[in-house]
Amino acid sequence: MELKLISYDKNNLKSIDLGDNVIIDRDRLTMIAGPCSVESREQILRTAEYLKSLDIKIMRGGAFKPRSSPYSFQGLGFEGLKYLREAGDKYNIKIVSEIIDPRDVEKAYDYVDIFQIGSRNMQNYSLIREIGKVDKPVLLKRGMNATISEWLMSAEYIALEGNDDIILCERGIRTFENYTRNTLDLAGVAVAKELSRLPVIVDPSHGTGRRELIEPMSRAAITLADGLMIEMHENPDKAISDGFQSLNFTQMKELVTRIRKLHDLLAK
Ligand code: PEP
Ligand code: MN
């Protein structure tokens with residue numbers, strides 16, 4: 001594996017400055033939360049307000065949803081991005097959202113603070129090359145069938161186009177195990193940190209597919225990862241997508257309190 005641009009360099013670890021004192025790097029714990037899908041303007045405004053009260057500075061929400069079935073909800077598209085931007089501006093919270101088509105990158109530019117490349121698109125080379133030309137950070141999720149090398153190589157593709165503001169996100173891989181939706185590969189996180197200079201975060205929602213496993217895997221993850229991305233919904237049982245792996249607002253508050261305490265202990 002030839003990593004020229006993102007290879008580990010202890011004197012040059014990547015620090016991504018999003019402005020307003022929001023920095024993603026290996027020196028702090030980054031928390032990202034929000035619904036799987038953007039469902040309505042009111043939902044997004046309420047979510048942003050709540051996250052703000054928890055001092056969570058980055059909100060997620062999918063406007064373009066790459067669903068396994070073409071009959072499932074595909075997202076609100078640009079309308080959804082507009083709601084995210086409005087909420088982001090109103091509550092001073094950064095926005096991360098997935099883009100699935102290279103033709104949308106330019107149009108989406110003003111709406112997001114971080115572009116998300118989803119698991120299904122990690123090896124969509126025309127898309128990741130396009131994202132590499134942009135001067136905004138990229139959250140690169142690991143392909144569910146991708147090896148660690150393939151994941152890092154995709155990051156290398158992005159960096160090669162000029163954009164090395166990349167956050168790697170481990171979100172579980174497919175294995176024979178089917179009690180969990182995916183198998184969260186924490187060894188992959190350790191390897192990604194050893195081989196690259198990028199921050200690496202973990203998504204325990206997609207990584208397990210089970211709400212009750214979000215907290216235990218978050219605890220395990222922050223011993224080595226630089227942050228967490230967690231799905232949260234005001235009423236998970238009514239969520240249009242991925243409610244079964246989403247926390248409600250109160251559960252999120254409890255998790256964040258405990259995770260921050262643990263992180264402080266680990267940092268000592
Ligand atoms: C998501 O973050 O909502 C998502 C679709 O994740 P993944 O690409 O990891 O499946
Ligand atoms: Mn989801």
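One-based numbering, in listed order, for ligands and for the atoms of each.
For atom 6 (O) of ligand 1, the closest non-hydrogen atom of the protein is K141 NZ, 2.9 Å. Among protein heavy atoms, atom 4 (C) of ligand 1 sits closest to H206 NE2, 3.5 Å.
Residue-environment remark: CG (N12) exceeds the threshold of 12 foreign heavy atoms within 6.0 Å. In the displayed structure, K253 atom NZ is contacted under 6.0 Å by at most 12 heavy atoms of other residues, nucleotides or ligands. Atom CZ of R67 is surrounded by more than 12 heavy atoms from other residues, nucleotides or ligands within 6.0 Å. Annotation: E254, atom CD; neighbour count of heavy atoms from other residues, nucleotides and ligands within 6.0 Å is above 12.
Heavy-atom proximity to G118, at under 4.0 Å, picks out these atoms of ligand 1: 8 (O). For ligand 1 and S119, the ligand atoms under 4.0 Å from any heavy atom of the residue are 7 (P), 8 (O), 9 (O), 10 (O). Close approach of ligand 1 to R60 (heavy-atom distance below 4.0 Å) involves ligand atoms 1 (C), 2 (O), 3 (O). Interface of E231 with ligand 1, defined as ligand atoms under 4.0 Å from a residue heavy atom, comprises 3 (O). Remark: ligand 1 atoms within the under-4.0 Å shell around heavy atoms of K65 are 1 (C), 3 (O), 5 (C). Set against the non-hydrogen atoms of E98, the atoms of ligand 1 under 4.0 Å away are 5 (C). Of all atoms in ligand 1, listed by their number and element, those nearer than 4.0 Å to a heavy atom of R171 are 7 (P), 9 (O), 10 (O).
Protein N, O or S atom count below 2.8 Å of the Mn ion (ligand 2): the structure gives 4.
At a threshold of 4.0 Å, the pair D20-K57 does not count as salt-bridged, since none of the basic side-chain nitrogens sits closer than that to a carboxylate oxygen. Between E86 and K82, none of the side-chain N atoms (NZ, or NE/NH1/NH2) sits under 4.0 Å from a carboxylate O, so this pair counts as no salt bridge. Salt bridge status for K107 with D101: absent, with no side-chain N to carboxylate O gap under 4.0 Å. Comment: K14 does not engage D25 in a salt bridge, judged by the lack of any side-chain N to carboxylate O separation of less than 4.0 angstrom. Using a 4.0 Å cut-off between charged side-chain N and carboxylate O, R85 and D110 make no salt bridge. Salt bridge annotation for D242-R181: present, with a cationic side-chain nitrogen under 4.0 angstrom from a carboxylate oxygen. Between R60 and E231 a salt bridge is recorded (basic side-chain N to carboxylate O distance below 4.0 Å).
Of all non-hydrogen atoms in K52 and N92, the two that sit nearest each other are NZ-O, 3.1 Å.
Contact between Q116 and ligand 1 is present, with at least one heavy atom of the residue lying under 4.0 Å from the ligand.
With a heavy-atom cut-off of 4.0 Å, M144 does not touch ligand 1 at all.
Note: no N/O pair closer than 3.5 Å links D203 and ligand 1 by distance alone.
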